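Computed from a predicted model, the values in this text were never measured in an experiment.
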Amino acid sequence: QVQLAESGGGLVQAGGSLRLSCAASGRTFSTYARGWFRQAPGKEREFVAAISWPGATTYYADSVKGRFTISRDNANNTVYLQMNSLKSEDTAVYYCGSRGTGVAATSETGYDYWGRGTQVTVSS
């Protein structure tokens, strides 16, 4: 079993930055691909970014390309999401997911483990 814990969320003004972290524990399987998804109130959960193991391949949603960067520290089983130039429409609960394979994916159905999420609120 893999446990994922997100952190780093908070309240930020539009144009600001935040860095989210996703730490894995338990049966960590550091060779797994990871992804970030988000869910805004009243909306479906949507893909944000994903990274393969060991990190050569990344994917981004069109809405965050050029503003968000996903990265990973394999030695510490942690994945990061650097979010710059934040907009009010980025407001959501952000979730970290882990796959059972090193191949990254953009669909949440391909993820086996999830964290509880961290709230990001961007004020305009």
Side-chain angles (χ1 to χ4, degrees):
Q1 190 77 4
V2 176
Q3 289 83 44
L4 302 173
E6 303 95 337
S7 61
L11 174 65
V12 63
Q13 289 187 333
S17 299
L18 283 174
R19 188 175 83 154
L20 305 184
S21 299
C22 173
S25 60
R27 193 184 181 192
T28 57
F29 286 107
S30 60
T31 57
Y32 285 178
R34 304 280 189 86
W36 287 97
F37 291 73
R38 67 187 181 187
Q39 187 168 21
K43 295 187 177 181
E44 298 287 322
R45 188 155 62 179
E46 64 175 4
F47 168 73
V48 176
I51 188 167
S52 66
W53 184 88
T57 302
T58 57
Y59 298 110
Y60 295 94
D62 288 342
S63 59
V64 306
K65 277 181 183 176
R67 301 188 298 122
F68 291 11
T69 302
I70 188 170
S71 61
R72 64 188 301 159
D73 179 350
N74 294 327
N76 292 304
N77 293 313
T78 301
V79 173
Y80 302 98
L81 184 68
Q82 177 67 44
M83 307 187 295
N84 299 328
S85 302
L86 283 161
K87 305 175 181 179
S88 57
E89 51 263 45
D90 295 319
T91 295
V93 177
Y94 283 70
Y95 297 91
C96 174
S98 180
R99 301 196 73 206
T101 170
V103 179
T106 60
S107 171
E108 65 176 294
T109 59
Y111 289 80
D112 301 309
Y113 304 100
W114 293 93
R116 293 187 175 183
T118 184
Q119 176 70 48
V120 171
T121 303
V122 184
S123 63
S124 57

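Heavy atoms only, all atoms of each residue included: Ala40 and Ala92 are closest at N-CB, 3.8 Å. Minimum heavy-atom separation, Met83 to Val120: CE-CG2, 3.9 Å. In terms of heavy-atom proximity, Val2 sits nearest to Ala24 at CG1-CB, 4.4 Å. Residues Gly117 and Val93 approach most closely at CA-CG1, 3.9 Å, considering heavy atoms. Of all the heavy atoms in Leu81 and Ala49, the pair that sits closest is CD1-CB, 4.1 Å. Ser124 approaches Ser88 most closely through the heavy-atom pair CB-CB, 4.3 Å.
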* Derivation of the side chain to side chain contact (heavy atoms under 4.5 Å, CB included) call for Phe68 and Trp36 -> CA-CA 11 Å; Phe68 291 11; Trp36 287 97; over 6 Å; no
* To do: For Glu6 and Tyr94, run side chain to side chain contact (heavy atoms under 4.5 Å, CB included): C-alpha distance rounded to whole Å, both residues' side-chain angles, the deciding distance at 0.1 Å, then the answer.
  => CA-CA 8 Å; Glu6 303 95 337; Tyr94 283 70; over 6 Å; no
* To do: In sequence, state the C-alpha distance, the side-chain angles, and the governing distance for Trp53 and Thr101, and then conclude on side chain to side chain contact (heavy atoms under 4.5 Å, CB included).
  => CA-CA 8 Å; Trp53 184 88; Thr101 170; over 6 Å; no
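The salt bridge (charged side-chain N to carboxylate O under 4.0 Å, His left out) analysis of residues 47-70, with sequence neighbours excluded, yields the pairs Asp62-Lys65, Arg67-Asp90. Applying the side chain to side chain donor-acceptor pair (under 3.5 Å) test to every pair with at least one member in residues 111-120, sequence neighbours left out, gives these pairs: Gln119-Thr121.
Tracing side-chain contacts under 4.5 Å through hydrophobic residues (I, L, V, M, F, W, Y), one never reaches Tyr95 starting from Val122; they form parts of separate clusters. Cluster annotation: Val64 is connected to Ile51 through the hydrophobic network of ILVMFWY side chains, with a link wherever side-chain heavy atoms come within less than 4.5 Å.
Atoms CD1 and SG, on Ile70 and Cys96 in that order, are 7.5 Å from each other to the nearest 0.5 Å. Taking CZ of Arg34 as the reference point, atom CG of Asn74 lies at 8.5 Å (rounded to 0.5 Å).
Partners of Ala5 by side-chain contact (heavy atoms from CB on, under 4.5 Å), not counting sequence neighbours: none found. With sequence neighbours excluded, the residues that form a side-chain contact (heavy atoms from CB on, under 4.5 Å) with Ser7 are Ser21. Taking Ser71 as the reference, Tyr80 meet the side-chain contact (heavy atoms from CB on, under 4.5 Å) condition, with sequence neighbours excluded.
The closest side-chain donor-acceptor pair between Arg99 and Tyr32, if any, does not fall under 3.5 angstrom.
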All N/O donor-acceptor pairs, side-chain side in residues 12-20, below 3.5 Å, sequence neighbours left out:
residue: Ser17; atom: OG; partner: Asn84; partner atom: OD1; Å: 2.9

